[in-house]
*Asks:* 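Take a look at the following structure, please.
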Amino acid sequence: MVLIQTVEELRDALFRIKSVGKSIGLVPTMGALHEGHLSLMRQARKENQVTVCSIFVNPTQFNNQEDLEKYPRTLDKDLELVEPYIDFVFAPTAEEVYREPATEKYDFGALEQVMEGPARPGHFNGVGIIVGRLFKWIEPDKAYFGEKDYQQLIIIKNLVKQLNMDIQIVGCPIVREASGLALSSRNQRLSEEERQKAANIYRILKESTLLATPNTEEIKHFVEMEINKIDILRLEYYEISDAETLQPIRNLNEAKMAIGCIAVYAGDVRLIDNIRYK
Ligand code: AMP
């Protein structure tokens with residue numbers, strides 16, 4: 001495994017690999033790695049001759065300065081964890097990534113007008129900027145993203161179309177703790193009590209899939225009521241949408257695939273999760 005910190009070194013290293021026609025799989029991350037990230041890397045390892053992971057806490061996608069400052073950074077441990085799966089780790093500084101100022105403006109249309117879009121103004125443009133730059137620098141054949149950040153996965157598929165690049169976006173299932181809590185780097189900031197209570201999020205989502213109604217208002221009402229019963233948890237949004245267009249639906253029968261996406265605060269830690277209804 002080789003650690004690379006500049007774009008020039010990255011281009012040099014990958015130039016040789018591309019010139020002999022080897023396939024490249026990319027896993028973009030912000031570090032503080034856990035089994036969720038590693039599941040993406042295992043899949044990338046299986047499907048590509050060369051694997052690259054990026055570790056970069058991208059300031060342009062944070063709309064909250066405190067969240068950026070508190071984001072866990074554990075590079076040494078991360079490098080040990082990725083060793084079995086990854087050939088090149090790209091871990092640049094912010095100065096390196098933003099040598100060219102971040103002037104790109106992406107328009108993801110209706111995909112960014114819902115859920116995380118209004119809740120985190122500027123977030124998806126920041127995601128577009130960093131992922132777009134990684135794609136241009138690395139030109140992977142495939143790139144791996146978790147369904148945990150479902151809206152992001154759909155937006156990245158749209159980004160590839162906008163950039164007109166030939167990159168296959170692979171969505172990977174959510175990895176959870178035994179309690180059901182979706183793994184997240186932000187879980188490190190939960191107290192023991194918050195962590196236990198946060199496990200209710202997935203329990204409630206699962207229960208909501210068993211309700212005998214296709215009416216999404218009723219399902220949403222159930223989720224809101226149940227989350228409100230748990231002190232410490234504070235619901236930011238729960239939306240049930242068409243899983244392809246991300247637009248809200250009133251009835252599960254309106255869409256071929258339907259997904260419920262949630263954002264909840266546990267104390268001051270913001271958590272997201274989702275569940276498929278069909
Ligand atoms: P992050 O470091 O949080 O930006 O995440 C990097 C990638 O890992 C993203 O594509 C996430 O969706 C994915 N990821 C994060 N947590 C999980 C999880 N629990 N299960 C599956 N993928 C995940």
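Both counts, for ligands and for their atoms, begin at 1 and track the order of listing.
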*Asks:* Would a distance-only check, ignoring hydrogens and angles, find a side-chain to backbone donor-acceptor pair under 3.5 Å from Thr51 to Tyr85?
*Replies:* yes
*Asks:* Which atoms of ligand 1 are found less than 4.0 Å from any heavy atom of Met30?
*Replies:* 1 (P), 2 (O), 4 (O)
*Asks:* Return the residue, atom name and 0.1 Å-rounded distance of the protein heavy atom closest to atom 11 (C) of ligand 1.
*Replies:* Asp149 OD2, 3.0 Å
*Asks:* Between Glu35 and Arg42, does any side-chain N to carboxylate O distance fall below 4.0 Å?
*Replies:*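 Here Glu35 pairs with Arg42 in a salt bridge, since their nearest N and O are under 4.0 Å apart.
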*Asks:* Does Pro28 come within less than 4.0 Å of ligand 1, judged by its heavy atoms?
*Replies:* yes
*Asks:* Under 3.5 Å, side chain of Lys256 to main-chain N/O of Lys278, donor-acceptor pair present?
*Replies:*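 Checking the backbone N and O of Lys278 against the side chain of Lys256, no donor-acceptor pair under 3.5 Å is found.
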*Asks:* In the protein, what heavy atom is nearest to atom 8 (O) of ligand 1, and what distance, to one decimal place, separates them?
*Replies:*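 Result for atom 8 (O) of ligand 1: His37 CD2, 3.4 Å.
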*Asks:* With heavy atoms only and a cut-off of under 4.0 Å, state how Glu147 meets ligand 1: side chain, backbone, both or neither.
*Replies:*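 Looking at Glu147 and ligand 1, no heavy atom falls under 4.0 Å.
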*Asks:* Which protein non-hydrogen atom lies closest to atom 3 (O) of ligand 1, naming both residue and atom, and how far is it?
*Replies:* Tyr71 OH, 3.7 Å
*Asks:* Please determine whether a side-chain nitrogen of the Lys or Arg among Glu139 and Lys136 lies less than 4.0 Å from a carboxylate oxygen of the Asp or Glu.
*Replies:* no
*Asks:* Could you check atom 21 (C) of ligand 1 against the protein and tell me its nearest heavy-atom contact, residue, atom and distance included?
*Replies:* Pro173 O, 3.4 Å
*Asks:* If we ignore hydrogens and angles and just use 3.5 Å, is the side chain of Ser185 paired with the main-chain N or O of Ala32 as donor and acceptor?
*Replies:*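 Looks like yes, one N/O pair under 3.5 Å.
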*Asks:* Picking from Leu134, Val7, Val97, what satisfies side chain to side chain contact (heavy atoms under 4.5 Å, CB included) with Pro92?
*Replies:*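 In the set Leu134, Val7, Val97, the residue that makes a side chain to side chain contact (heavy atoms under 4.5 Å, CB included) with Pro92 is Val97.
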*Asks:* Please report whether ligand 1 has a polar contact with Ala182, defined as an N or O pair separated by less than 3.5 Å (distance criterion only).
*Replies:* no
*Asks:* Sub-3.5 Å donor-acceptor pair from the side chain of Asn58 to the main-chain atoms of Gly126, do we have one?
*Replies:*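 Side chain of Asn58 to backbone of Gly126, a donor-acceptor pair under 3.5 Å: yes, one is there.
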*Asks:* What do you reckon, does Ile174 have a nitrogen or oxygen under 3.5 Å from a nitrogen or oxygen of ligand 1?
*Replies:*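 N/O-N/O distance below 3.5 Å does not exist for this pair.
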*Asks:* So does Gly122 get a backbone contact from the side chain of Asn125, meaning a donor-acceptor N/O pair under 3.5 Å?
*Replies:* no
*Asks:* Is the side chain of Lys148 donor-acceptor paired with the backbone N or O of Ala182 at a distance under 3.5 Å, no angle test?
*Replies:*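 Judged by distance alone, no pair lies under 3.5 Å.
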*Asks:* Starting from atom 10 (O) of ligand 1, what is the nearest protein heavy atom, named by residue and atom, and what distance separates them?
*Replies:* Gly146 N, 2.9 Å
*Asks:* Taking 4.0 angstrom as the limit and counting only heavy atoms of Thr29, give me the atoms of ligand 1 inside it, by number and element.
*Replies:*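 Checking each atom against Thr29, I get 2 (O), 6 (C).
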*Asks:* Which atoms of ligand 1 sit under 4.0 Å from any heavy atom of Leu183?
*Replies:*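 The atoms of ligand 1 under 4.0 Å from a heavy atom of Leu183 are 16 (N), 17 (C), 18 (C), 19 (N).
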*Asks:* Backbone, side chain, both or neither: what part of Ser185 comes under 4.0 angstrom of ligand 1, heavy atoms only?
*Replies:* neither
*Asks:* Could you tell me whether the side chain of Ile129 reaches within less than 4.5 Å of the side chain of Tyr98, counting heavy atoms only?
*Replies:* yes
*Asks:* For the backbone of Leu183 and the side chain of Glu177, can you confirm whether one donor and one acceptor N or O come within less than 3.5 Å of each other?
*Replies:* no
*Asks:* Please work out, at 4.0 Å between heavy atoms, whether the side chain, the backbone, both, or neither of Phe56 comes within that distance of ligand 1.
*Replies:* neither
*Asks:* Do any heavy atoms of Arg176 fall under 4.0 Å from ligand 1?
*Replies:* no
*Asks:* Is Ile174 reachable from Tyr202 through a run of hydrophobic residues whose side-chain heavy atoms are each under 4.5 Å from the next?
*Replies:* no
*Asks:* Which protein heavy atom lies closest to atom 23 (C) of ligand 1, and at what distance to 0.1 Å?
*Replies:* Lys148 CB, 4.0 Å
*Asks:* May I ask you to identify the nearest protein heavy atom to atom 20 (N) of ligand 1, giving residue, atom name and distance to one decimal place in Å?
*Replies:* Val175 N, 2.9 Å
*Asks:* Does an N or O from Leu40, backbone or side chain, lie closer than 3.5 Å to an N or O of ligand 1?
*Replies:* no
*Asks:* Can you tell me the protein heavy atom closest to atom 15 (C) of ligand 1 and the distance?
*Replies:* His34 CE1, 3.9 Å
*Asks:* Using a 4.0 Å cut-off to any heavy atom of Phe145, which atoms of ligand 1 qualify?
*Replies:*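 Under 4.0 Å from Phe145, ligand 1 has these atoms: 10 (O).
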